[in-house]
Chemist: 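Got a structure for you, questions after.
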Amino acid sequence: MSFTTTIQSAAIESLEELYGRQFSEQDFQVNETRPEFKGDYTIVLFSLLKTLKESPEGLGKKLGDLLLKKHAALFTDYNIIKGFLNLSLSDDSLLHLLKENYNDICFGKKPLNHKKVMVEYSSPNTNKPLHLGHLRNIFIGWSVSEILKANGNEVYKSSIVNDRGIHICKSMIAWQEFANGATPESTNTKGDHLVGDYYVKFNNEYKQEVKELTGEGKSEKEAEKEAPIMKKTQQMLLDWEHGKPDVIDLWNKMNGWVYKGFDETYKRLGADFDETFYESKTYILGKEFVKKGLEDGSFYKKEDGSVWIDLSDIGLDEKLLLRGDGTSVYITQDIGLVKQKFEEYKLDESIYVIGDEQIYHMNVLKEICRKLGMPFADKIFHLSYGMVELTTGKMKSREGTVVDADELIDEMVDTAKKHTEELGKVKDFTQEELKELYETLGLGAMKFYLLRVDPKKRMVFNPEESIDFHGFTGPFVQYTYARIKSILRKVEEPVIDQQLQKEPLLPLERQLIIFLEKYSNVISQAAEEQNPSVVANYVFHLAKTFNSFYTEHSVANAESEEKKSLRLHISTITAMVIKSALQLLGIKVPERM
RNA sequence: GGCCUCGUAGCUCAGUGGAUAGAGCAACAGCCUUCUAAGCUGUGGGUCACACGUUCGAAUCGUGUCGGGGUCACCA
């Protein structure tokens with residue numbers, strides 16, 4: 001039980017004894033005491049005053065006295081300022097925490113709750129390489145999965161690959177026309193980048209053709225429709241749907257290049273998936289539901305044969321579910337996949353990590369499932385995240401302002417190398433060790449930078465700020481870890497014993513212990529909010545507090561053996577919590593840096 | 001235009017009913033004969049977009065206004 005809940009129930013018990021009636025945790029708040037006041041935790045009395053017909057001082061005194069009397073081991077003192085009852089915790093209760101609850105603190109251990117959750121993230125198109133937006137998606141999805149696991153859930157990570165459609169055909173046509181058989185091997189280019197290059201090539205060519213046609217007097221719309229390269233692409237899409245062998249072969253070949261490229265990037269990022277769905281396999285699934293919905297009258301057909309659902313009663317308008325020619329649209333396949341996921345995996349929840357521009361789409365999906373009487377309609381959660389903007393404005397692939405994922409990773413790792421070389425602290429490292437360190441630091445900086453902001457909010461990517469290794473950054477926290485490990489290497493493992501209790505705890509020692517105790521709550525909160533930034537903020541604050549402690553007090557050369565033992569203990573736990581918290585963010589810790 | 005969302009220090013962000021609103025960056029001033037200075041300490045910097053309301057108490061809740069963004073496709 002955490003300090004907050006312990007104090008809460010102690011207060012409830014005392015209040016009930018004092019006033020002979022029931023109280024609940026809703027009746028008052030327990031907060032941490034602000035640093036400018038004496039005490040560790042504060043009971044806010046205002047909400048109780050009216051019903052109990054008490055003055056702040058009167059209630060504070062009664063409650064404070066009784067708490068001290070009943071829980072002499074827990075509290076040592078109290079003071080009342082305005083309506084705030086500030087309680088001081090005893091050294092013993094803090095030290096008890098270090099001794100008894102060691103593992104609970106460090107790993108925020110939660111019992112298994114047997115809830116099965118699927119987290120779908122990344123979900124790229126196969127016509128171009130991953131970019132900065134995908135990175136935010138991947139880091140959030142991976143981290144939320146790990147946070148849910150830490151809270152006792154059974155988690156499946158999944159990805160749906162958007163491997164078919166007109167966009168893929170664009171790359172294919174351009175490759176066919178202009179590549180002269182170029183392959184990743186022959187050009188020494190990563191497969192996803194090669195395919196992406198031909199996607200760009202298509203767009204340039206298309207633009208050129210449209211320009212020529214409008215020059216001949218055609219309207220913009222006509223030109224866009226009649227551009228030869230576009231016509232070829234549309235034909236190719238039809239051929240693909242009809243399974244024309246040479247098109248399927250080319251499609252397989254080029255997608256294969258892309259997957260190999262993605263895998264390399266995923267591997268470097270530490271992203272992993274338990275299941276990968278392919279749109280080419282799932283896009284047909286939804287059609288049977290459309291049929292079913294037509295039969296039971298949930299959907300309706302227009303004259304041209306297209307199928308619609310009317311959601312205007314809940315303000316979501318009419319939505320197209322099937323084109324006039326019978327082919328699927330985006331949402332058709334989603335309906336099919338939802339059902340497959342829930343049934344195959346017996347899921348309790350399905351979380352979709354998708355950008356916030358699709359909030360409307362996901363609401364429609366949930367509503368359709370509801371109308372179809374699917375029992376899991378309310379177990380679908382859209383973890384929507386805001387767009388990553390550049391300081392120069394939005395990223396747009398057509399304007400070449402996207403930040404490529406692979407390039408960004410290289411740049412971060414490079415920066416880590418530069419910094420490390422300048423500081424010259426690891427000259428005895430082998431080449432292998434150095435390489436690993438640079439990856440740890442570079443990726444740590446990048447992940448922390450993208451995860452430290454609330455997913456739901458839009459964020460600005462500032463290239464200079466992102467490669468900063470000082471302040472509120474991954475390397476700052478990693479550095480704290482490395483410094484602790486450096487101490488621990490020089491000293492034998494701490495033994496915690498009765499001796500600890502003789503000298504009073506100093507303010508920074510108290511502060512650290514109280515802060516460490518919160519870790520378990522932080523993990524719960526992060527899971528409830530599906531928000532890794534909660535963990536990032538916590539671990540930064542922890543490292544910051546430790547750094548103050550480190551500067552102020554010596555561990556290895558402490559004033560006494562007792563203090564040394566205590567501080568070694570605090571340091572060890574801090575290191576474990578840092579490692580555990582960063583692990584939830586997908587960030588590794590270096591033993592030295 | 002309808003719906004959704006955001007507006008906190010020069011910049012990037014914490015803070016969702018409690019005390020005098022906090023970090024990082026940037027600026028300035030200090031701290032390495034003692035466990036790693038990728039660190040620590042201090043200074044300056046705020047009409048929490050604005051107005052009204054609810055409350056003992058509002059950056060936080062409600063209504064309205066202004067401003068930014070998203071969305072409302074036989075695109076995905």
Side-chain angles (χ1 to χ4, degrees), chain A residues 29 31 33-34 36-37 42 44-47 49-50 56 81-84 86 123 125 127 162 164-167 279 302 304-308 315-325 327-331 333-334 355-361 363-364 384 386-387 389 391 394 416 419-420 422-423 425-426 441 445 449 452-454 456-462 464-466 468-480 482-491 533-534 536-537 540-541 543-544 546-558 564 567-568 571 592-593:
Chain A
Q29 281 179 38
N31 299 337
T33 305
R34 293 184 65 98
E36 59 265 36
F37 301 102
T42 296
V44 184
L45 303 172
F46 294 107
S47 53
L49 298 178
K50 214 179 233 174
I81 296 171
K82 293 198 251 173
F84 300 95
N86 301 323
S123 306
N125 292 359
N127 62 326
N162 193 357
R164 66 144 219 133
I166 193 83
H167 49 289
E279 191 189 309
K302 288 193 179 173
D304 61 358
S306 56
V307 180
W308 297 73
L316 290 178
D317 221 332
E318 291 182 317
K319 296 300 294 182
L320 175 82
L321 300 180
L322 213 56
R323 294 197 187 95
D325 62 4
T327 54
S328 301
V329 290
Y330 186 34
I331 202 146
Q333 65 215 6
D334 281 343
D356 60 7
E357 71 277 7
Q358 295 198 42
I359 289 175
Y360 176 75
H361 172 84
N363 283 337
V364 170
S384 72
M387 201 177 301
E389 284 173 26
T391 41
K394 262 189 229 168
H419 273 275
T420 307
E422 273 169 24
L423 291 169
K425 293 179 183 178
V426 288
L441 297 177
Y449 183 82
R452 69 186 201 185
V453 180
D454 185 340
K456 287 177 187 57
K457 296 198 175 168
R458 286 185 301 140
M459 67 175 288
V460 175
F461 180 83
N462 181 330
E464 283 126 51
E465 199 180 282
S466 70
D468 196 352
F469 285 13
H470 304 269
F472 188 22
T473 67
F476 173 95
V477 182
Q478 290 170 319
Y479 178 67
T480 304
R483 286 212 295 194
I484 296 173
K485 294 307 270 194
S486 172
I487 299 171
L488 297 179
R489 270 194 299 275
K490 290 173 183 151
V491 188
S533 80
V534 170
N537 277 289
F540 169 70
H541 197 135
K544 184 115 185 87
F546 186 86
N547 286 340
S548 300
F549 163 84
Y550 178 95
T551 309
E552 190 75 18
H553 307 295
S554 179
V555 177
N557 305 309
K564 181 174 168 183
R567 288 178 193 163
L568 278 170
S571 303
R592 289 177 54 197
M593 65 185 273

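Here is how names work: the chains are called A, B, and so on, in the same order as the sequence lines, proteins then strands, and each is numbered from 1.
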Chemist: When the C1' atoms of B:rC25 and B:rG69 are considered, how many whole Å apart are they?
Modeler: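 Taking atom C1' in both B:rC25 and B:rG69, they lie 25 Å apart.
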Chemist: Applying side-chain hydrogen bond (donor to acceptor under 3.5 Å, both in side chains), which residue pairs with at least one partner in residues 469-479 of chain A are found, sequence neighbours left out?
Modeler: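 Sorted pair list comes back empty.
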Chemist: What does the 5'-to-3' dot-bracket notation of RNA chain B look like when only Watson-Crick and G-U wobble pairs under 3.5 Å count, and pairs to other strands show as |?
Modeler: ((((((((.[[[[.)..(...]]]].(((((.......))))).....[[[[[..)....]]]]])))))))....
Chemist: Relative to the 5' end of RNA chain B, which residue comes earlier, A:Lys319 or A:His361, by the nucleotide with the nearest heavy atom?
Modeler: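 Whichever sits nearer the 5' end wins; that is A:Lys319.
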Chemist: Would you mind telling me which residue lines up with the more 5' stretch of RNA chain B, A:Phe476 or A:Thr42, judged by nearest nucleotide?
Modeler: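 Counting from the 5' end, the first nearest nucleotide belongs to A:Thr42.
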Chemist: Would you mind telling me which of B:rU36, B:rG39, B:rA76 lies closest to the side-chain atoms of A:His470?
Modeler: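 So the nucleotide nearest the side chain must be B:rG39.
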Chemist: For A:Thr420, report the nucleic acid contact type (base, sugar-phosphate, nothing); a contact means any heavy atom under 4.0 Å.
Modeler: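 It contacts base atoms.
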Chemist: Within this structure, what is the CD-to-C1' distance between A:Glu464 and B:rC25, rounded to whole angstrom?
Modeler: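 Distance check: A:Glu464 CD to B:rC25 C1' gives 11 Å.
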Chemist: Side chain of A:Phe37, heavy atoms from C-beta onward: which of B:rC40, B:rA19, B:rU36 has the nearest atom to it?
Modeler: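 Nearest nucleotide to the side chain: B:rA19.
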Chemist: Any idea which heavy atoms bring A:Ala556 and A:Val491 closest together, and the distance?
Modeler: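 Answer, listing the atom of A:Ala556 first, then A:Val491: CB-CG2, 4.1 Å.
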Chemist: How far does the C1' atom of B:rU36 sit from the matching atom of B:rA19, given to the nearest Å?
Modeler: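 Per the computed distance, 39 Å lies between those C1' atoms.
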Chemist: Among all residues two or more places apart in sequence or in another chain, which pass the salt bridge (charged side-chain N to carboxylate O under 4.0 Å, His left out) test with A:Glu36?
Modeler: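 Salt bridge (charged side-chain N to carboxylate O under 4.0 Å, His left out) check on A:Glu36 returns A:Arg34.
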Chemist: Would you indicate what A:Tyr330 reaches in the nucleic acid, counting non-hydrogen atoms under 4.0 angstrom: base, sugar-phosphate, or nothing?
Modeler: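 The answer is base, as A:Tyr330 lies within the cut-off (heavy atoms under 4.0 Å) of a base atom.
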Chemist: Suppose we call a contact any N or O donor and acceptor under 3.5 Å apart; does that hold for the side chain of A:Asn86 and the base of B:rA19?
Modeler: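 When only heavy-atom distances are counted, A:Asn86 does reach the base of B:rA19 through a donor-acceptor pair under 3.5 Å.
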Chemist: Counting the atoms with a prime plus P, OP1 and OP2 as sugar-phosphate, which does A:Gly165 contact under 4.0 Å by heavy atoms, base, sugar-phosphate, or nothing?
Modeler: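 It contacts nothing in the nucleic acid.
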Chemist: For the C1' atoms, the ones on B:rC6 and on B:rU12, what distance do you get once it is rounded to whole angstrom?
Modeler: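 That atom pair is separated by 15 Å.
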Chemist: Once each nucleotide of nucleotides 1-18 of chain B is scored for protein heavy atoms under 4.0 Å, what B/S/- sequence comes out, 5' to 3'?
Modeler: -----------SSS--SB
Chemist: If I pick the C1' atom on B:rC40 and the same atom on B:rG24, what distance separates them, to the nearest angstrom?
Modeler: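 Roughly 15 Å separates the two C1' atoms.
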Chemist: Could you work out, with side-chain contact (heavy atoms from CB on, under 4.5 Å) as the rule, every residue matching A:Arg323, not counting sequence neighbours?
Modeler: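 A:Arg323: side-chain contact (heavy atoms from CB on, under 4.5 Å) contacts with A:Leu320, A:Asp325, A:Thr327, A:Val329.
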Chemist: Between the base of B:rA19 and the side chain of A:Thr33, is there a donor-acceptor distance below 3.5 Å?
Modeler: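 No, the side chain and the base share no sub-3.5 Å donor-acceptor pair.
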Chemist: Could you work out, with side-chain contact (heavy atoms from CB on, under 4.5 Å) as the rule, every residue matching A:Ile166, not counting sequence neighbours?
Modeler: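 In terms of side-chain contact (heavy atoms from CB on, under 4.5 Å), with neighbours along the sequence ignored, A:Ile166 is linked to A:Lys170, A:Thr233, A:Gln234, A:Leu237.
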Chemist: Using a cut-off of less than 4.0 Å, is there contact between a side-chain N or O of A:Arg323 and OP1 or OP2 of B:rC75?
Modeler: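 Yes, within the criterion.
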Chemist: Is it the case that the side chain of A:Asn462 and the backbone of A:Glu464 share a donor-acceptor pair, with hydrogens and angles ignored and the cut-off at 3.5 Å?
Modeler: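 Checked: pair present.
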Chemist: Take atom CD of A:Glu552 and atom P of B:rU34, then tell me their distance rounded to the nearest Å.
Modeler: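 Value for this atom pair: 17 Å.
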Chemist: When all nucleic acid strands are considered with a 4.0 Å heavy-atom cut-off, which category describes A:Leu441: base, sugar-phosphate, or nothing?
Modeler: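 Result for A:Leu441 = base.
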Chemist: Nearest whole Å is fine: how far is B:rA23 C1' from A:Phe540 CZ?
Modeler: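 Nearest whole value for this atom pair: 6 Å.
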Chemist: Who pairs with A:His167 by ring-ring contact (aromatic ring centres under 6.0 Å, His included), at least two apart in sequence or on another chain?
Modeler: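 Partners of A:His167 under the ring-ring contact (aromatic ring centres under 6.0 Å, His included) test: none.
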Chemist: What residues, two or more places apart in sequence or in another chain, satisfy side-chain contact (heavy atoms from CB on, under 4.5 Å) together with A:Ala558?
Modeler: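 Only A:Lys563, A:Lys564, A:Arg567 meet the side-chain contact (heavy atoms from CB on, under 4.5 Å) criterion with A:Ala558.
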Chemist: Would you please name every residue forming a side-chain contact (heavy atoms from CB on, under 4.5 Å) with A:Phe461, sequence neighbours left out?
Modeler: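 Once residues adjacent in sequence are excluded, the partners of A:Phe461 under the side-chain contact (heavy atoms from CB on, under 4.5 Å) criterion are A:Leu132, A:Val388, A:Leu390, A:Leu408, A:Tyr449, A:Pro463, A:Ser466.
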Chemist: So A:Thr473, base contact, sugar-phosphate only, or nothing? Heavy-atom distance under 4.0 Å.
Modeler: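 Here A:Thr473 touches no strand at all.
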Chemist: Measuring from the side chain of A:Asn557 (C-beta onward, heavy atoms only), which nucleotide among B:rU34, B:rA76, B:rG39 has the closest atom?
Modeler: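 Closest of the options to the side chain of A:Asn557: B:rU34.
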Chemist: Check every atom of B:rC72, B:rG39, B:rU20 against the side chain of A:Asp317 and return the nucleotide holding the closest atom.
Modeler: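 The nucleotide sitting nearest to the side chain is B:rC72.
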Chemist: Grab the CG-C1' distance between A:Asn127 and B:rC75 for me, whole Å please.
Modeler: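 Rounded to whole Å, this separation is 13 Å.
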Chemist: Does B:rC32 adopt a syn or an anti glycosidic conformation, taking syn as a chi angle within 90° of 0?
Modeler: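 B:rC32: syn glycosidic orientation.
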Chemist: Expressed as a whole number of Å, how far does the C1' atom of B:rA37 sit from that of B:rC4?
Modeler: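 To the nearest whole Å, 48 Å.
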Chemist: A:Arg483 CZ to B:rG39 P: how many Å, rounded?
Modeler: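 Distance, rounded to whole Å: 8 Å.
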Chemist: Distance under 6.0 Å and angle within 45° of the ring axis: does A:Lys319 meet both against A:Trp308?
Modeler: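 A:Lys319 over A:Trp308 ring: no.
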Chemist: Distance check needed: B:rA76 C1' versus A:Ile166 CD1, whole Å only.
Modeler: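 Going from A:Ile166 (CD1) to B:rA76 (C1'), I get 12 Å.
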Chemist: Can we call the ring centroids of A:Phe476 and A:Phe469 under 6.0 Å apart?
Modeler: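 No: the rings miss the under 6.0 Å criterion.
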Chemist: On a heavy-atom basis, which atom in A:Pro56 and which in A:Gly83 lie closest, and how many Å separate them?
Modeler: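 Heavy-atom minimum between the residues: CB-CA, 4.0 Å.
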Chemist: Write down the protein N/O and nucleotide N/O pairs, taken from nucleotides 41-46 of chain B, whose separation is under 3.5 Å; answer none if there are no such pairs.
Modeler:
| residue | atom | partner | partner atom | Å |
| --- | --- | --- | --- | --- |
| B:rU41 | OP1 | A:Ser548 | OG | 2.9 |

Chemist: Applying salt bridge (Lys or Arg N to Asp or Glu O under 4.0 Å) to A:Glu465 and A:Arg452, what does each step give before you reach the verdict?
Modeler: CA-CA 13 Å; A:Glu465 199 180 282; A:Arg452 69 186 201 185; 3.1 Å; yes
Chemist: Take atom CD1 of A:Ile331 and atom P of B:rC72, then tell me their distance rounded to the nearest Å.
Modeler: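 So the two atoms are 11 Å apart, to the nearest Å.
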Chemist: Considering only the C1' atoms, how many Å lie between B:rC32 and B:rU41, rounded to the nearest integer?
Modeler: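 14 Å, rounded to whole Å.
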Chemist: A:Ile484 has an atom CD1; how far is it from atom C1' of B:rU36, in whole Å?
Modeler: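 Spelled out: CD1 on A:Ile484 to C1' on B:rU36 is 12 Å.
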Chemist: Of all residues at least two apart in sequence or in a different chain, which pass the salt bridge (charged side-chain N to carboxylate O under 4.0 Å, His left out) check with A:Arg483?
Modeler: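 Applying salt bridge (charged side-chain N to carboxylate O under 4.0 Å, His left out) to A:Arg483 gives none.
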Chemist: May I ask you to verify if any side-chain N or O of A:Lys490 is less than 4.0 angstrom from the OP1 or OP2 atom of B:rU36?
Modeler: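 Checking A:Lys490 against B:rU36: at least one side-chain N or O falls below 4.0 Å of OP1 or OP2.
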Chemist: What's touching nucleotides 29-33 of chain B from the protein side, N or O pairs under 3.5 Å?
Modeler:
none

Chemist: Are A:Lys457 and A:Glu389 within salt-bridge range, i.e. N to O under 4.0 Å?
Modeler: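 Salt bridge: no.
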Chemist: Closest to the A:Val555 side chain: B:rA19, B:rA76, B:rC35?
Modeler: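 Comparing B:rA19, B:rA76, B:rC35 against the side chain of A:Val555, the answer is B:rC35.
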Chemist: Work out how far the P atom of B:rG15 is from that of B:rG67, and round it to whole angstrom.
Modeler: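 Per the computed distance, 28 Å lies between those P atoms.
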Chemist: Roughly how far apart, to the nearest Å, are B:rG17 and B:rU54 at atom C1'?
Modeler: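 Per the computed distance, 12 Å lies between those C1' atoms.
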Chemist: Does a donor on one side chain and an acceptor on the other come within less than 3.5 Å for A:Asn31 and A:Thr42?
Modeler: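 The criterion, which ignores hydrogens and geometry beyond distance, is not satisfied for A:Thr42 and A:Asn31.
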Chemist: Restricting to non-hydrogen atoms, name the atom on A:Pro475 and the atom on A:Met593 that form the minimum distance, rounded to 0.1 Å.
Modeler: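 The pair with the smallest heavy-atom distance is O-CE, 3.8 Å.
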